[in-house]
Amino acid sequence: MTKLFLIGMMGSGKSYWAEKLKKKLKIPAYDLDALIEMMEEKTVAEIFEEDGEEYFRKAEAKMLRLFAEKKQFILSCGGGTACYHDNMKWMNKQGITIWLDEPVETLAVRLSKEKSQRPLIKNLNNTELKDFLNEKLEERQAFYNQAAYRLNEKELNENAFSKILKEYA
Ligand code: S3P
């Protein structure tokens, strides 16, 4: 049984690694934001705008809990998933949580190119973006720290994931 939850800040590469691991492990990969968009028939940006963040967080927690039924998966979570509705505790009971801990500098460079679809940062200039990411990271660290594994920029490679999985095999 392999249940991998990839958590971490926006732009930390959760979706990228989920896709990469899907090919390597040959197990399905899902993207929590994409599933919420399908269920709500709206983009995440539209949900934030029209229904508010609180509504989004409830939908997110609900969608996450559907993974109790699944036996094998890699789930790319949203940046805030770990921080609401006891989701971190729930994920830790279900499977393996991995925090992709990229530095704010890297996140800022990546995100500055694709802000428009991300409701929390779309109106920020580059300086504001960096300040926002630093603030968020500080707020969220306590949650991310509860992950079973933490991979920083130097450790983030296929071997690191293989090693983690071997521990569970
Ligand atoms: C959010 C991150 C987004 C998405 C939503 C809120 C956050 O996911 O869930 O915009 O609170 O950090 P990504 O981390 O996949 O961008």
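Numbers here simply count residues along the sequence, with the first being 1. Excluded from the calculations below are hydrogen atoms, water molecules and symmetry mates; all remaining heavy atoms, backbone and side chain alike, are included. Ligands are counted one by one from 1 in listed order, and the atoms in each one are counted from 1 as well.
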key: Short side-chain donor-acceptor distance under 3.5 Å, Asn92 and Thr97   =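 Result is yes, a qualifying pair exists.
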
inquiry  = Looking only at side-chain N and O atoms, does Tyr149 offer a donor or acceptor that is under 3.5 Å from a partner on Glu155?
reply    =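 Tyr149 and Glu155 do not have a side-chain donor-acceptor pair below 3.5 Å.
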
inquiry  = At under 4.0 Å between heavy atoms, is it the side chain or the backbone of Lys136 that contacts ligand 1, or both, or neither?
reply    =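 The answer is neither.
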
message = Below 4.0 Å, non-hydrogen atoms only: which portion of Leu120 touches ligand 1? Side chain, backbone, both or neither.
response = side chain

Which ligand 1 atoms does [X] reach within 4.0 Å, using its non-hydrogen atoms?
X: Pro119; answer: 10 (O)
X: Asp33; answer: 3 (C), 4 (C), 8 (O), 9 (O), 13 (P), 15 (O)
X: Val44; answer: 5 (C), 10 (O)
X: Phe56; answer: 9 (O)

request  = Run the numbers on Phe5 and Phe73 for ring-ring contact (aromatic ring centres under 6.0 Å, His included), then give the verdict.
outcome  = CA-CA 8 Å; Phe5 297 92; Phe73 60 83; 5.4 Å; yes

ask   = Is atom CD of Glu167 surrounded by more than 12 heavy atoms (other residues, nucleotides or ligands) closer than 6.0 Å?
value = yes

inquiry  = Quick one, Ile98 with Trp17, criterion side-chain contact (heavy atoms from CB on, under 4.5 Å). Give me CA distance, side-chain angles, the key distance, then yes/no.
reply    = CA-CA 11 Å; Ile98 307 177; Trp17 279 106; over 6 Å; no

Regarding ligand 1, does [X] bring an N or O atom to under 3.5 Å of one of the ligand's N or O atoms?
X: Gly8; answer: no
X: Glu60; answer: no
X: Glu53; answer: no

task = Considering heavy atoms of the protein only, find what lies nearest to atom 2 (C) of ligand 1 and give residue, atom and distance to 0.1 Å.
result = Gly79 N, 3.3 Å

query = Can a non-hydrogen atom of Glu37 be found less than 4.0 Å from any atom of ligand 1?
reply =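 Flag not set, Glu37 not near ligand 1.
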
Sub-4.0 Å heavy-atom approach of Arg57 to ligand 1 = yes

query = Can you name the one residue among Lys122, Lys115, Glu114 that meets side chain to side chain contact (heavy atoms under 4.5 Å, CB included) with Arg118?
reply =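 Between Arg118 and the candidates, side chain to side chain contact (heavy atoms under 4.5 Å, CB included) is satisfied uniquely by Glu114.
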
remark   = Rounded to the nearest 0.5 Å, the CG atom of Leu100 sits from the CG atom of Leu151 at a distance of 6.5 Å

query = Once you round to the nearest 0.5 Å, how far does CG of Leu124 lie from CG of Asp131?
reply =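 Going from the CG atom of Leu124 to the CG atom of Asp131 covers 9.0 Å.
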
Which pairs of donor and acceptor atoms, one on a side chain in residues 28-45, lie under 3.5 Å apart (sequence neighbours left out)?
from: Asp31; atom 1: OD1; to: Asp33; atom 2: N; distance (Å): 3.1
from: Asp31; atom 1: OD1; to: Ala34; atom 2: N; distance (Å): 3.0
from: Asp31; atom 1: OD2; to: Ser15; atom 2: OG; distance (Å): 3.0
from: Glu37; atom 1: OE2; to: Val44; atom 2: N; distance (Å): 2.8
from: Glu40; atom 1: OE1; to: Tyr55; atom 2: OH; distance (Å): 2.7
from: Glu40; atom 1: OE2; to: Tyr55; atom 2: OH; distance (Å): 3.2
from: Lys42; atom 1: NZ; to: Glu50; atom 2: OE1; distance (Å): 3.0
from: Lys42; atom 1: NZ; to: Asp51; atom 2: OD1; distance (Å): 3.4
from: Lys42; atom 1: NZ; to: Asp51; atom 2: OD2; distance (Å): 2.9
from: Thr43; atom 1: OG1; to: Glu46; atom 2: N; distance (Å): 3.0

query = Between the candidates Arg140, Glu114, Arg118, Lys122, which shows the shortest non-hydrogen contact distance to atom 12 (O) of ligand 1?
reply =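 That would be Arg140.
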
